[in-house]
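Both ligands and their constituent atoms are indexed starting at 1 by order of listing. Below, each value reflects all heavy atoms present in this structure, side chains not excepted, and no hydrogens, waters or symmetry copies. Since the model is a prediction, treat every value here as computed from it, not as a measurement.
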Amino acid sequence: MSTPKSDLRIAIDGAGLLRRLGELALVSEAPAPVVTRVLFSEADARGREYVRRAAREAGLAVREDPVGNIFARWEGSDPGLPAVGSGSHTDAIPNAGRYDGVVGVLGAFEALAALKRAGFSPRRSLEVVMFTAEEPTRFGLGCLGSRLMAGSISVERAQALRDREGRTLDELRAAAGYSGPLQSVRLPPGYYHAFVELHIEQGPILEAEGIPIGIVEHIAGPSSYRVTLHGEGGHAGAVLMPVRHDASLAGAEIALAVERAAKTSGSPDTVGTVGVFRIEPGAVNSVPFKAYLEIDLRDARLDTRSRALAEIRGAAEEACARRGIRMEFEEINADPPAAGDPKTVAIVERVCAELGLRSLRMVSRAYHDSLFMARVSPTTIIFIPCRNGWSHRPEEYAAPGHIASGAEVLAHTLARLAT
Ligand SMILES: [Zn+2]
């Protein structure tokens, strides 16, 4: 029971929330403790049914849009006002855990249920969203539901998405029972007054600092690129060094340029990774004639990320010209960073202080639906610690006390925003 100065007495049912997290974890394509719920799989369908039921149990009215975003609403006394939103995702990559995303959906249901028990009556409507396909497993592109809601992806591009079996979004959503034009997924301007997502940190900072709540001030913008390098192969003994066009060495220079550019961008939040580096033919006695790299470049600032990218491209062009290598450099995807809303961040911070919970302002470094919600609404994310910073694996763990604290902070924050 907590009583910050709003004198709203909110009691989170931590045991009930944990039980529901455990129940939803069993809705999986793989045996426990592994959680796998890929978009529009049979487990995803059962997960959606669970979410609808949990929403109704929390006394919320459920609607769904044509891409399968689920909205659970508590109508405010002034329903014409922009609503206050919360929520996250329940899809899970193969071999994942039970907390990523799910804490933000079931935690928001519990926050609203606790507000109802406390006798709170919102002026603005409160709405929990379960976003479709935050994870990129099916289509290779994440945050599909929130991108469409924010208008950050064109309907044409969404319709061109194909899964590994060549099935389109329209085919798969129809099979899952979703119809209607994708155009209507986009939120009308000013739909949300504010949006607050609850999520596990997926990083080690809160646990290491012993701080229960993180408040996101900046959401890093991820980008990724593929680089294909065409050199000239030959016998590793016969082709002498002065006449070589070794594609792997150009690739090695590019990988080092990624590291250098990220380290010297001027922003401590620039991170650059070459996570894929393949060479052909891949034989010890053969000069590599081809190299293929994928670069991941992220930053909380767009200017420093763009500068780092320009430096990487420049270094790559220079290395390829010098080595007689032909290069193709393509963008796979680039999303700009987003800022947390200062007023909403300050509200969460004040709530934490009043509840006697230490909090820390943070940068969100993974993809979150909030990256896209921040384009159409004042937004922040409430982080709770997770063990060793682990996520996307079955050992993912968040302590019951931290989950309850996160839901409690969310409840108070939503109450203030909806008043
Ligand atoms: Zn997530």
Side-chain angles (χ1 to χ4, degrees), residues 17 20-21 24-25 27-28 33-39 41 43-44 47-48 50-51 68-70 85-109 128-150 152 195-207 213-216 218-222 296 298 333 335 337-338 340 362-374 379-398 402-403 406-407 410:
L17 177 52
R20 287 186 286 276
L21 285 165
L24 187 45
V27 179
S28 169
V34 172
V35 179
T36 300
R37 263 193 312 269
V38 176
L39 171 69
S41 65
D44 180 54
R48 287 167 179 277
Y50 187 90
V51 167
N69 291 313
I70 300 178
S86 183
S88 193
H89 61 100
T90 62
D91 64 330
I93 66 161
N95 208 42
R98 64 168 64 178
Y99 302 96
D100 175 5
V102 180
V103 165
V105 177
L106 299 183
F109 289 161
V128 181
V129 190
M130 190 224 75
F131 294 100
T132 275
E134 193 268 349
E135 302 292 0
T137 316
R138 169 78 62 190
F139 291 117
L141 179 74
C143 301
L144 185 56
S146 51
R147 279 179 201 272
L148 282 163
M149 282 169 69
S152 296
F195 189 88
V196 184
E197 179 171 6
L198 173 64
H199 206 283
I200 59 168
E201 182 198 342
Q202 298 179 284
I205 296 170
L206 291 175
E207 183 184 53
I213 300 288
I215 310 168
V216 170
H218 299 283
I219 309 173
D296 180 297
R298 304 177 187 226
N333 188 60
D335 289 304
M362 301 182 74
V363 174
S364 160
R365 297 173 191 281
Y367 259 113
H368 290 297
D369 293 302
S370 287
L371 179 64
F372 299 96
M373 296 315 291
T379 294
T380 188
I381 308 174
I382 297 170
F383 275 156
I384 58 167
C386 58
R387 183 191 283 161
N388 299 327
W390 286 342
S391 69
H392 287 193
R393 52 191 284 187
E395 298 86 354
E396 185 180 284
Y397 176 80
H402 290 148
I403 295 171
L410 179 64

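- Aromatic ring centres of Y367 and F131 lie farther apart than the 6.0 Å criterion allows.
- F109 is linked by a ring pair (Phe, Tyr, Trp, His ring centres under 6.0 Å) to nothing, counting only residues two or more places apart in sequence or in another chain.
- Here the closest non-hydrogen pair linking R365 and R298 is O-NH1, 3.3 Å.
- Within the protein, the number of N/O/S atoms found under 2.8 Å from the Zn ion (ligand 1) is 3.
- Of the candidates R138, R48, R147, T132 forms a side-chain hydrogen bond (donor to acceptor under 3.5 Å, both in side chains) with just one, namely R48.
- Between H199 and H368, the two ring planes are perpendicular [angle over 60°; tilted spans 30° to 60°].
- Side chain to side chain, D100 and H89 meet the donor-acceptor criterion of an N or O pair below 3.5 Å.
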